[in-house]
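Quick notes on the structure that follows.
No hydrogens, no waters, no symmetry mates; every other heavy atom, side chains included, goes into these values.
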Amino acid sequence: MWKTLGAQVRQYKLVSFMTPVWMVGEVVCEMIIPVYMGLIVDNGIYGQDMHYIVTTGIKMLIVALLGFFSGCMGGFCGAKASAGFAKNLRKAMNDNIQTFSFENIDKFSTSSLVTRLTTDVTNMQNAYQMILRMGVRAPMSMIIAMIMSYVLSPRISSIYLIAVIILGVIIALITRSATNYFQKVFEKYDLLNESVQENVSAIRVVKAYVREDYEINKFQKASANIYLMFVKAELRLAGMSPIMSGMVYGVILLISWVGAHMIISDQLTTGALMSLLTYCMNILMSLMMLSMVFVMITMSTASARRIAEVITEKTTISNPENPIMDVRDGSIVFDHVNFSYHKDSKEPVLKDICLSIRPGETIGIIGSTGSAKSSLVSLISRLYDVTDGSVSVGGVDVRKYDLKTLRKNVAVVLQKNVLFSGTIYDNLRWGNKEATEEECRRACRLACADEFIDRMPQSYNTYIEQGGSNVSGGQKQRLCIARALMMNPKVLILDDSTSAVDTATDAKIRKSFREDIPGTTKLIIAQRISSVQDCDRVIVMDNGTINGFDTPENLVVNNKIYREVYESQTGAGNDNADFDEKD
């Protein structure tokens, strides 16, 4: 995990290295200043030597300025290194997410991925900067202060050592208790993000059913869980401050008492005692900072693990070594295909599927909800890979094609239509970024989208809001169909993509397909029998198997499922009552 994350430092290695160097420089300067303070007291004030006080004071000022410069440079380098590290983490995750197959995407929820790209990366950024700065500064300050204290007075420095050991044990116990809560809180962030995302994306449904109060309560519960976790953790950390203060003041009193006796017996100078008191504060405060570093590291460990999971996730679908870069035609063959979404599933989703579709055919697909219609067509463009058997397009197993080549030739209009923020032209050019305005208009004519686009104030330059919230469901479906047509595919798959379109418009779309793209193989998943009645052949799916595959005319006679759908939607039950005897 740490090796994976460490690789994301990349071009920020130099500033990552220079940050602790500058911090060491700052610490060294801070440790020199108490020495000069003691010398001023012992040699300048008691010796009544004004020249010594001035010259030593100038040296202190120079050292302080050097320390200030080192601190500023350490802050600058640390900020640059941590921000760059966070940028690379986001890029690495986003780049890998783009390679994910549907199977990989199913493994992570959308809200979880959002949390990992935002909150978890921010935690890593803060932790990295703290490690580079405080993680170096605190232990170096403690070590150097202890050495300087030992040089001045081994007897008094032993007081520091005992205090550090006692305080270290107490802080470790408090930190360990608090970090258990910090680790749990990030799991709650996923639930909070999921609540927000679901509420915002479905705000129209929420308002339509007057469920605002329910959504508000759900959000408040998710938010309250995070609040309670943080309060429990912070309550434990809050104990550090009074313990630290009590220990610091106790050590100062003890050092002052012991130091006073040593000054009286000429074993210690007043200036040295001042220096020792300063080092005492440095040591104990450094210990406090170090404990905060440990807390941050522990908090970020959970984030680091979640980020590494996304970066190291291997796509289940990848290009072969020598991929085929051309799809000959739109013929499709399923050869004894079995498919499961999970390898350990007891029952496959698709069972022993055998199909042969000729180029240019229009194939309808019907079946009850859950009969695996969408699963069937997802295998054609390798959104998923078969478990057993093979799927061929253009006479070649789809696993031998270059993925981009295959998916440019097999256009899929998914069941859930998605538009992106931008103009209508921008959305259409997702299918072909080099498309001319005329090509865009032609695709919209085929999809019958030009009817409503021409009525819009800015026509094809009309801005589409995020998710297509400013167009109706039917308009969104037609724009998505037009976008797929922009690819000039050899295979066009419509996954229930005209469900929100009226029957007249649906008929116009199918008519334009027959007349304008006769060479394209068209697969139409539909719930309406009218959407598949003029198809060349129709596949009838039932519980992951093919119950029938024939012309609509033959299926209405020979297939019980198709006939039941036909009769229920057309009211032709009485005319076909005699067909029951043939099944």
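- The structure places CE of Met140 at 10.0 Å from CE of Met31, a figure rounded to the nearest 0.5 Å.
- Of all non-hydrogen atoms in Met18 and Cys77, the two that sit nearest each other are CB-SG, 4.3 Å.
- Side-chain contact between Tyr460 and Thr423 is absent, with no heavy atoms from C-beta onward closer than 4.5 Å.
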**Q.** Derivation of the side-chain contact (heavy atoms from CB on, under 4.5 Å) call for Ile144 and Val28
**A.** CA-CA 8 Å; Ile144 295 175; Val28 170; 4.2 Å; yes
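- Heavy atoms only, all atoms of each residue included: Ala304 and Leu5 are closest at CB-CD1, 3.4 Å.
- A 6.0 Å sphere centred on NZ of Lys80 holds no more than 12 heavy atoms belonging to other residues, nucleotides or ligands.
- Surrounding NZ of Lys408 are at most 12 heavy atoms belonging to other residues, nucleotides or ligands under 6.0 Å away.
- With hydrogens and angles ignored, the 3.5 Å screen pairs a side-chain donor or acceptor of Thr278 with a backbone N or O of Met274.
- In this structure, Lys91 pairs ionically with Asp95, as a charged nitrogen and a carboxylate oxygen lie closer than 4.0 Å.
- Side-chain contact between Ser153 and Met262: present, with at least one pair of heavy atoms (C-beta onward) separated by less than 4.5 Å.
- Taking both residues in full, the closest heavy atoms of Glu26 and Gly67 are given as CG-O, 3.6 Å, listed atom of the first, atom of the second, then distance.
- Although no hydrogens or angles enter the test, the distance criterion places a donor-acceptor pair under 3.5 Å between the side chain of Asn409 and the main chain of Thr405.
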Q: Decide yes or no on side-chain contact (heavy atoms from CB on, under 4.5 Å) for Leu403 and Ile317, but give the supporting numbers first.
A: CA-CA 9 Å; Leu403 272 173; Ile317 295 177; 3.8 Å; yes
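- Side chain to side chain, Tyr128 and Ser300 fail the donor-acceptor criterion of an N or O pair below 3.5 Å.
- When side chains are defined from C-beta on, Phe85 does not count as touching Gln125, because their heavy atoms never get closer than 4.5 Å.
- Ring-centre distance between Trp22 and Phe76: not below the 6.0 Å cut-off.
- The two residues Leu419 and Cys480 come nearest to each other via the heavy atoms CD2-SG, 3.9 Å.
- Here the side chain of Thr55 pairs a donor or acceptor atom with the backbone of His51 at under 3.5 angstrom.
- When side chains are defined from C-beta on, Thr99 counts as touching Asn96, because their heavy atoms get closer than 4.5 Å.
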Q: Take Ile33 and Met37, measure what side-chain contact (heavy atoms from CB on, under 4.5 Å) needs, and give me the verdict at the end.
A: CA-CA 6 Å; Ile33 288 175; Met37 289 173 58; 4.1 Å; yes
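- The shortest heavy-atom contact between Ser459 and Ile424 is O-CD1, 3.7 Å.
- The shortest heavy-atom contact between Ala272 and Leu152 is O-CD1, 4.3 Å.
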Q: For Leu383 and Arg407, run side-chain contact (heavy atoms from CB on, under 4.5 Å): C-alpha distance rounded to whole Å, both residues' side-chain angles, the deciding distance at 0.1 Å, then the answer.
A: CA-CA 9 Å; Leu383 299 179; Arg407 289 173 182 170; 4.2 Å; yes
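- Shown here is Phe17, whose CZ atom has no more than 12 heavy atoms of other residues, nucleotides or ligands within 6.0 Å.
- Rounding to the nearest 0.5 Å places OH of Tyr463 at 12.0 Å from CD of Gln458.
- Panel note: side chain Thr56, backbone Ile53; no donor-acceptor pair is recorded below 3.5 Å.
- Arg116 contributes atom CZ, which lies 13.5 Å from atom CG of Leu89 (distance to the nearest 0.5 angstrom).
- Side-chain contact between Asp326 and Tyr401: absent, with no pair of heavy atoms (C-beta onward) separated by less than 4.5 Å.
- Taking a cutoff of 4.0 Å between a charged side-chain nitrogen and a carboxylate oxygen, Arg429 and Asp426 do not qualify as a salt bridge.
- Side-chain atoms of Val24 and Val136, non-hydrogen and from C-beta on, do get closer than 4.5 Å to each other.
- Separation of the Tyr384 and Tyr341 ring centroids falls under the 6.0 Å cut-off.
- Considering only heavy atoms from C-beta on, Ile307 comes within 4.5 Å of Val121 through its side chain.
- The OG atom of Ser275 sits 12.0 Å away from atom OH of Tyr36, with the distance rounded to the nearest 0.5 Å.
- In this structure, CZ in Arg90 is found 8.0 Å from OG1 in Thr118, a value given to the nearest 0.5 Å.
- Residue Val27 forms a side chain to side chain contact (heavy atoms under 4.5 Å, CB included) with just one option from Ser70, Ser141, Pro139, and that option is Ser141.
- Asp402 places none of its side-chain heavy atoms less than 4.5 Å from the side chain of Ile324.
- A salt bridge does not link Arg306 with Glu309: none of the charged nitrogens is closer than 4.0 Å to a carboxylate oxygen.
- When atom types are taken as modelled, the side chain of Ser82 and the backbone of Asn126 share no donor-acceptor pair closer than 3.5 angstrom.
- Expressed to the nearest 0.5 Å, how far OG of Ser256 lies from CD1 of Ile263 amounts to 9.0 Å.
- When atom types are taken as modelled, the side chain of Asp120 and the backbone of Ser303 share no donor-acceptor pair closer than 3.5 angstrom.
- Open room surrounds OH on Tyr150; 12 or fewer heavy atoms of other groups in view lie less than 6.0 Å from it.
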